[in-house]
Each structure stands twice: as structure tokens, then as C-alpha cells.
> 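Submitted below is the structure of interest, expressed as C-alpha cells.
Quick note: residue numbers are just sequence positions, from 1. Since the structure is predicted, the reported quantities are computational estimates derived from the model, not experimental observations. Computed from heavy atoms alone, side chains included, the values below leave out hydrogens, waters and symmetry copies.
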Amino acid sequence: MRDIVLLVARLLLAAIFIWSGYNKLVNYDYMQGYMLSVGLPGWSMPILILWELGGGLLLLLGAFTRPVALALAVFAVVSACIAHRNFADVNQLIHFMKNLGLTGGYLYVVYTGAGALSLDKKLKLKWA
């Protein structure tokens, strides 16, 4: 039962980054405009897409789970501080708090690892 819960938790935590990376990819120009509006350089979009899609997929598969979860936790805090810092806007405040909540989930994964239903376990990956 523990490993099924860890798999479902990874799926749910990965979903937001997979979706966000995919959304940036299919709405590239719009999202790049938003990134520029919050002060990020235009060349950062491919990096953000790779980080979100790649990190989300690695977390979902349970590959290098602990370092990936730590990287996603850092990303969630940094992106909250860059893109969701206008607390006068309730929507921005909600997104900021969502990112902090996600950070807690990712840190929990850093501590627990991926469990048996993962590539970490199946392939005996280093840094698991």
C-alpha cells in the first residue's frame, strides 16, 4: 500500500509541472511574453520548458527522484518569488501559496524517496 500511495503522490506532484511545461511549449509566444513581463529573459523559455517537462516526467517515473524533487522544490520557491509576488492580487497570492504547498510535497518526496514502483528501484539508479 505504501508504494501505491508514493506512486499516486508522485503522479499528482508531477502533473502540475508536466502541464505547465506543456502549456509553455504549445503557447510559447504568449508565455514568453509573460516571462518577459516578470523580468525573465526570453532565452529562459527553453530552459523552463525542459526543467518543468523533464523534471515532471522524471518525478512521475521515479527516476533520480530525490535530487529531482529537490530541484522542483527550489524551482517552486524561486518561481513563486519571481512570478507570483503581487500579493495585492488575490490570484497571485493563491499561486504563491500553491507553490509553497508544492514545495512541502517535493521536500517530503526528497525525504521518503520514490518507493518500489519506480525506476530508481527497478534500475538501482544512483542518487535515488
Side-chain angles (χ1 to χ4, degrees):
M1 182 61 141
R2 176 185 186 273
D3 292 314
I4 292 171
V5 170
L6 290 173
L7 174 62
V8 171
R10 286 195 338 263
L11 168 74
L12 295 172
L13 286 168
I16 194 160
F17 275 108
I18 293 169
W19 172 253
S20 184
Y22 172 77
N23 187 49
K24 282 179 179 65
L25 189 61
V26 299
N27 298 299
Y28 195 93
D29 291 336
Y30 173 78
M31 292 306 297
Q32 188 173 43
Y34 178 73
M35 294 300 153
L36 290 169
S37 78
V38 296
L40 292 174
W43 55 261
S44 67
M45 278 294 289
I47 295 167
L48 294 172
I49 292 168
L50 181 63
W51 189 293
E52 291 179 343
L53 268 177
L57 290 171
L58 287 171
L59 185 67
L60 174 64
L61 297 171
F64 306 103
T65 304
R66 286 187 163 121
V68 166
L70 183 59
L72 292 174
V74 170
F75 183 87
V77 170
V78 170
S79 65
C81 293
I82 291 172
H84 307 301
R85 62 181 183 244
N86 179 8
F87 296 153
D89 179 347
V90 174
N91 187 45
Q92 290 294 314
L93 178 59
I94 290 169
H95 281 292
F96 184 88
M97 296 304 293
K98 172 223 17 141
N99 280 34
L100 294 185
L102 286 170
T103 300
Y106 296 123
L107 291 176
Y108 202 86
V109 173
V110 170
Y111 182 76
T112 62
L117 302 174
S118 67
L119 290 180
D120 284 345
K121 183 72 171 178
K122 302 296 180 208
L123 301 177
K124 296 181 174 121
L125 295 175
K126 188 176 179 180
W127 304 106

> Of all residues at least two apart in sequence or in a different chain, which pass the side-chain hydrogen bond (donor to acceptor under 3.5 Å, both in side chains) check with Ser79?
Asn99

> Any side-chain heavy atom of Phe96 sitting closer than 4.5 Å to one from Asn86?
no

> Could you go through residues 3-12 and list every donor-acceptor pair under 3.5 Å that involves a side-chain atom there, pairing it with any protein atom two or more places apart or in another chain?
unit_1, atom_1, unit_2, atom_2, d
Asp3, OD1, Ala116, N, 2.9
Arg10, NE, Leu59, O, 2.9
Arg10, NH1, Ala114, O, 2.8
Arg10, NH1, Leu117, O, 3.4
Arg10, NH2, Leu60, O, 3.1
Arg10, NH2, Leu117, O, 3.0

> Show the nearest heavy-atom pair for residues Ile49 and Gly21, with the distance to one decimal.
CG2-O, 3.9 Å

> Do Leu102 and Ile94 belong to the same hydrophobic cluster, where Ile, Leu, Val, Met, Phe, Trp and Tyr are linked whenever their side-chain heavy atoms lie under 4.5 Å apart, directly or via other members?
no

> Nearest 0.5 angstrom please: Met35 CE to Ile82 CD1, how far?
9.5 Å

> Does Tyr34 reach the main-chain N or O of Ala83 with its side chain, forming a donor-acceptor pair under 3.5 Å?
yes

> Please give me the minimum heavy-atom distance between His84 and Gln92, naming the atom from each residue.
CA-OE1, 2.9 Å

> Please check this pair: side chain of Arg85 against backbone of Leu93, looking for a donor-acceptor N/O pair closer than 3.5 Å.
no

> Holding to side-chain hydrogen bond (donor to acceptor under 3.5 Å, both in side chains), I want the full list of residues that pass it with Asp89, two or more places apart in sequence or in another chain.
none

> Side chains of Trp51 and Ser20: does their closest heavy-atom pair fall under 4.5 Å?
no

> Would a hydrophobic clustering, with Ile, Leu, Val, Met, Phe, Trp and Tyr connected at side-chain separations under 4.5 Å, put Leu100 with Ile16?
no

> On a heavy-atom basis, which atom in Gln32 and which in Gly42 lie closest, and how many Å separate them?
NE2-O, 2.8 Å

> Name all residues meeting the ring-ring contact (aromatic ring centres under 6.0 Å, His included) criterion together with Tyr22; count only those two or more places apart in sequence or in a different chain, and write none if there are none.
Trp19

> How close do Arg66 and Val110 get, counting heavy atoms only, and between which atoms?
NE-O, 2.7 Å

> Clusters formed by hydrophobic residues whose side-chain heavy atoms approach within less than 4.5 Å: which one holds Trp43, and what are its other members?
Ile47

> Which ring-ring contact (aromatic ring centres under 6.0 Å, His included) pairs, counting each pair once, include a residue from residues 99-120, with sequence neighbours left out?
Phe17-Tyr106

> Looking only at heavy atoms, what is the nearest atom pair of Gly56 and Ala14, with distance?
O-CB, 3.2 Å

> Are Val109 and Val78 linked, directly or through other ILVMFWY residues, by side chains that come within less than 4.5 angstrom of each other?
yes

> Mind checking whether Leu48 and Leu40 have side chains closer than 4.5 Å, heavy atoms only?
yes

> To the nearest 0.5 Å, tell me how far Glu52 CD sits from Leu25 CG.
11.0 Å

> Side-chain heavy atoms nearer than 4.5 Å, only ILVMFWY residues, links allowed to pass through others: does that put Leu123 and Leu57 together?
yes

> Do Leu70 and Leu107 have side-chain heavy atoms sitting under 4.5 Å apart?
yes

